[in-house]
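Since the model is a prediction, treat every value here as computed from it, not as a measurement. As the structure lists them, so they are numbered: ligands from 1, and atoms in each ligand from 1.
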Amino acid sequence: MGRSRVFLAAFASLSVVLGGAGSAQAGVGLPPVVSHVPTQEKVVFITIDDGWNHDPEAARILREKRVPASLFLLPGAASYDTAYFTDLVGQGRVTVENHTVSHPDLTTLDAAGKDAEVCGAGEQVEAAFGRAPKLLRPPYGAVNDEVRLAAKACGVKALVTWTYDFTTWGETPPTPRLKSGDIVLLHFTPTLAADLQRALDTARAAGLKPAALMPHLRSSGVL
Ligand SMILES: [Zn+2]
């Protein structure tokens with residue numbers, strides 16, 4: 001199974017290199033890369049990455065406000081306290097998606113490496129949370145067509161980057177003006193509760209509500 005996927009990915013990469021150079025067809029048939037959802041609905045999308053810090057206050061906000069959110073978790077970060085996340089999946093409105101096994105820049109890996117990182121993470125997320133992830137957040141937002149091909153071979157429907165990062169990395173970033181369809185990036189860091197609250201307040205000030213990503217990717221025609 002693993003070997004056939006590697007072979008498929010290697011073969012698909014080769015066909016793009018041979019057939020795609022300079023062609024208007026490049027990228028056709030590959031899962032889309034989405035940094036903003038083209039919708040007129042008054043919605044934004046909350047995404048939270050990695051999973052290393054398990055702050056009860058952040059979980060409380062997600063549960064009590066029933067915030068729809070996509071969690072792009074690293075299996076190793078979720079595994080030492082899986083209950084933190086299974087509680088959110090069970091009581092909140094979150095889904096767990098794919099962020100690779102070990103957070104590499106996927107564009108630097110060969111086909112077997114991409115397969116191990118993306119399919120491997122998908123299998124671990126499914127084993128832990130009972131649902132195969134459909135979305136991939138490529139670490140660092142690093143994507144190219146070979147990464148998209150590898151993702152497709154692992155069952156990924158879309159690669160999701162972001163419109164704005166609300167994470168406090170040392171200092172709080174400037175608050176942007178959110179628009180319909182924007183994708184907000186947060187991280188499971190010690191400042192998540194405050195960063196999440198700031199994102200929710202900013203969305204509300206713009207008349208926008210957090211919404212589930214997958215249904216809006218479908219209804220907006222991205223998928
Ligand atoms: Zn990450």
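- Counting Ile, Leu, Val, Met, Phe, Trp and Tyr side chains that sit under 4.5 Å apart, directly or through other members, Y140 stands alone, with no cluster partners.
- At a cut-off of 2.8 Å, measuring from the Zn ion (ligand 1), the protein N, O or S atoms that fall short of it are D50 OD1, H99 NE2, H103 NE2, waters left aside.
- The ring-ring contact (aromatic ring centres under 6.0 Å, His included) test applied to F188 returns F85, not counting sequence neighbours.
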Which pairs of donor and acceptor atoms, one on a side chain in residues 172-179, lie under 3.5 Å apart (sequence neighbours left out)?
residue: T172; atom: OG1; partner: T168; partner atom: OG1; Å: 3.4
residue: K179; atom: NZ; partner: D182; partner atom: OD1; Å: 3.3
residue: K179; atom: NZ; partner: D182; partner atom: OD2; Å: 3.4

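- The heavy-atom pair separating G51 from L73 by the smallest distance is CA-CD2, 4.1 Å.
- You'll find the side chain of F129 reaches within 4.5 Å of the side chain of T82, heavy atoms only.
- The two atoms that bring V67 and V94 nearest to each other are O-CG1, 4.1 Å, heavy atoms only.
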